[in-house]
Amino acid sequence: MPQIETLRGPVDTSTLGFTLMHEHVFVLSQGVPENFPTVWDEEAEIAAARDRLRELTAVGVQTFVDLTVQGLGRDISRLRKAAGDVPLNVVVATGLYTYDTLPRYFESRDADVMAGLFVRDITEGIQGTHVKAAILKCATDEPGVTEGVEKVLRAVARAHRRTGAPISTHTHAATHRGVEQQDIFEQEGVDLGRVVIGHSGDSEDLDYLQALMKRGSFIGMDRFGVDIYLTTEKRVATIARLCELGYAGQMVLSHDASSYFDWFPAEAVRATVPNWHFRHISEAVLPALRRAGVTDEQIRQMTVDNPRRVFEQQGSY
Ligand SMILES: [Zn+2]
């Protein structure tokens, strides 16, 4: 039986169940809370996160993939305090999140140095713990494949081939960044069927989305609740159409939400994107998909079977 590493150690992939494939518990401006700890009430936010994760088990979620890596304020000890006792599989990631430049350390070193650190997170543990990453994360946004971003994409591809851990990405869907990611992964010999091109759900461009899937990748319809980019109604309509076209086997669902997110003042986030929380898919999106003609079988594929397939394609190559 294939297994996958989680915050609490390995579990059988058959037990993953309903999986949110792209979320965060804490997203912090790296360097700010470490230097200015009064910017937040860490203990209160850990308690709030624990409550929000517990609520998820009541709406049927069994696995939560936290794609928080370097650049988003990853802290495994803090995550363990928040999620360690919650009856939820929490899958954690390694990789690096940047839209353009790299931390100075990596600027002067090549992609293989970075890949080696990612491999260590997957095989030995993260930040001195025994918690192992089970997925690799990288990002390409509006600036495109800058020198720094290219180094991350290649390092992620190499760490993937050495470990077999799947790749999940951030893209700027409006500028079709997923295509460039696939091109670089392909150059690095990556099987594109082991890659999730993230934030694809921000786009309604069926030609773009089908082109990504025709090359074999999964696409992340993973920003439910970010209504300022695209409304839930439009996101649902896009998925329903792609299901009709036969693509239910290549889409995964999520919110890209966080329990605590410091990029904007919390009141501003609540006011602009009130549906951006971990329960939106269970409470509103699944009923809307059913009304749009998506079958229970297709919903099960997107929420259970596809995530499991992403994690069951294992082994280095
Ligand atoms: Zn994210």
Review point. Can you check whether Ser29's main-chain N or O pairs, donor with acceptor, with Asp262's side chain at less than 3.5 Å?
Key: yes
Exercise for review: Applying side-chain contact (heavy atoms from CB on, under 4.5 Å), run through Asn89 and Leu16 and close with a yes or a no.
Suggested key: CA-CA 7 Å; Asn89 300 310; Leu16 292 177; 4.2 Å; yes
Exercise for review: Kindly compute the distance separating OG (Ser168) from NE2 (His199), expressed to the nearest 0.5 Å.
Suggested key: 8.0 Å
**Study point:** Chi angles and distances behind the side-chain contact (heavy atoms from CB on, under 4.5 Å) call for Gln30, Gln70
**Key:** CA-CA 8 Å; Gln30 201 156 297; Gln70 144 116 50; 3.2 Å; yes
Practice item. Supply the atom-to-atom distance Thr140 OG1 to Gln181 CD, rounded to the nearest 0.5 angstrom. Key: 3.5 Å
Check your understanding: Taking 4.0 angstrom as the limit, do Arg300 and Glu297 come out as a salt bridge?
Key -> yes
Check your understanding: Do the charged groups of Glu188 and Arg161 touch, with an N to O distance under 4.0 Å?
Key -> no
Exercise for review: Flag the pair Asp205 / Leu209 as yes when at least one side-chain heavy-atom distance between them is below 4.5 Å, and no otherwise.
Suggested key: no
Practice item. Examine Leu96 and Val195 and state if one hydrophobic cluster contains both, with Ile, Leu, Val, Met, Phe, Trp and Tyr joined whenever side-chain heavy atoms are less than 4.5 Å apart. Key: yes
Exercise for review: Give the C-alpha distance, both sets of side-chain angles, the deciding distance and a yes or no for side-chain contact (heavy atoms from CB on, under 4.5 Å) between Met251 and Ile239.
Suggested key: CA-CA 8 Å; Met251 292 186 277; Ile239 292 176; 4.1 Å; yes
Exercise for review: Drop me the distance from Leu20's CG to Phe278's CZ, to the nearest 0.5 angstrom.
Suggested key: 8.5 Å
Exercise for review: State, without any angle test, whether Thr146 and Asp100 hold a side-chain donor-acceptor pair at a distance under 3.5 Å.
Suggested key: no
Practice item. Evaluate the salt bridge (charged side-chain N to carboxylate O under 4.0 Å, His left out) criterion for residues Glu180 and Arg177: first the C-alpha distance (whole Å), next the side-chain angles of each, then the deciding distance (0.1 Å), finally the verdict. Key: CA-CA 6 Å; Glu180 296 159 344; Arg177 290 296 178 227; 3.0 Å; yes
Check your understanding: If only atom types and distance count, is the side chain of Gln62 paired as donor or acceptor with the main-chain N or O of Phe18 below 3.5 Å?
Key -> yes
Check your understanding: Given Glu312, which of Gln314, Arg309, Arg308 fulfils the side chain to side chain donor-acceptor pair (under 3.5 Å) condition?
Key -> Arg308
**Study point:** Under the ring-ring contact (aromatic ring centres under 6.0 Å, His included) test, residues paired with Phe106 that sit two or more places apart
**Key:** none
Check your understanding: Does Asp207 pair with Lys214 as a salt bridge, N-O distance under 4.0 Å?
Key -> no
Exercise for review: Spell out, as yes or no, whether a donor-acceptor pair under 3.5 Å connects the side chain of Thr238 to the backbone of Glu204.
Suggested key: no
Point to revise | Lys234 side chain near Thr231 side chain, heavy-atom distance below 4.5 Å | key: yes
**Study point:** Reported OG-to-CZ distance for the pair Ser200 and Arg235, which is rounded to 0.5 angstrom
**Key:** 11.0 Å
Check your understanding: Would you call Glu124 and Lys132 a salt bridge, taking side-chain N to carboxylate O under 4.0 Å as the test?
Key -> no
Check your understanding: In terms of side-chain heavy atoms, does Glu23 have a donor or acceptor partner in Ser254 at a distance below 3.5 Å?
Key -> yes
Review point. Passes ring-ring contact (aromatic ring centres under 6.0 Å, His included), Trp276 versus Phe224? Steps please.
Key: CA-CA 7 Å; Trp276 198 30; Phe224 272 106; over 10 Å; no
Check your understanding: Are Phe185 and Ile167 side-chain neighbours, meaning at least one heavy-atom pair lies under 4.5 Å?
Key -> yes
**Study point:** Modelled atom types, side-chain donor and acceptor of Asp12 and Gln3, under 3.5 Å
**Key:** yes
Review point. Going hydrophobic residue to hydrophobic residue with side-chain gaps under 4.5 angstrom, can you get from Val152 over to Val69?
Key: no
Check your understanding: Taking it one step at a time, do His176 and Tyr208 satisfy ring-ring contact (aromatic ring centres under 6.0 Å, His included)?
Key -> CA-CA 7 Å; His176 296 184; Tyr208 168 63; 4.1 Å; yes
Exercise for review: Have a look at Glu186 and tell me which of Arg215, Arg194, Arg154 forms a salt bridge (Lys or Arg N to Asp or Glu O under 4.0 Å) with it.
Suggested key: Arg215
Check your understanding: Hey, does the side chain of Gln210 reach the backbone of Leu206 with a donor-acceptor pair shorter than 3.5 angstrom?
Key -> yes
Review point. Which class fits the ring pair His22 and His24: parallel under 30°, tilted 30 to 60°, perpendicular over 60°?
Key: perpendicular
Review point. Do Val236 and Leu230 share a hydrophobic cluster, counting only Ile, Leu, Val, Met, Phe, Trp and Tyr and linking them when any side-chain heavy atoms are less than 4.5 Å apart?
Key: no
Check your understanding: Any donor-acceptor pair under 3.5 Å linking the side chain of Asp141 with the backbone of Thr98?
Key -> no
**Study point:** Partner set under ring-ring contact (aromatic ring centres under 6.0 Å, His included) for Tyr99, not counting sequence neighbours
**Key:** Tyr97, His170
Check your understanding: For residues His280 and Thr232, is any side-chain donor paired with an opposing acceptor at under 3.5 Å?
Key -> yes
Check your understanding: Could you state the interatomic distance from NZ (Lys151) to CZ (Arg109), rounded to the nearest 0.5 Å?
Key -> 9.5 Å
**Study point:** Worked verdict on Gln250 versus Ser217 for side-chain contact (heavy atoms from CB on, under 4.5 Å)
**Key:** CA-CA 7 Å; Gln250 285 179 268; Ser217 297; 5.8 Å; no
**Study point:** Backbone N/O of Val119 and side chain of Thr123: donor-acceptor pair under 3.5 Å
**Key:** yes
Review point. Does Asp296 pair with Arg290 as a salt bridge, N-O distance under 4.0 Å?
Key: yes
Practice item. Please confirm whether the backbone N or O of Ser77 pairs with a side-chain atom of Asp75, one donor and one acceptor, at under 3.5 Å? Key: yes
Point to revise | Short side-chain to backbone donor-acceptor contact, His160 and Val190, under 3.5 Å | key: no
Point to revise | Met21 backbone acceptor or donor facing Thr19 side chain under 3.5 Å | key: no
Review point. Would Asp121 and Thr94 count as having a side-chain donor-acceptor pair, cut-off 3.5 Å?
Key: yes
Point to revise | Spatial distance of atom CZ (Phe26) from atom OG (Ser259) [nearest 0.5 Å] | key: 6.0 Å
**Study point:** Positive for side chain to side chain contact (heavy atoms under 4.5 Å, CB included) with Lys137, one of Thr169, Leu72, Thr68, Val156
**Key:** Leu72
Review point. Within the side chain of Thr171, is there an N or O that forms a donor-acceptor pair under 3.5 Å with the backbone of Gly198?
Key: yes
Practice item. Would you mind checking if Asp85 and Arg50 are paired as a salt bridge, meaning a charged N to carboxylate O distance below 4.0 Å? Key: no
Point to revise | Side chain to side chain, Ile135 and Ile4, heavy atoms closer than 4.5 Å | key: no
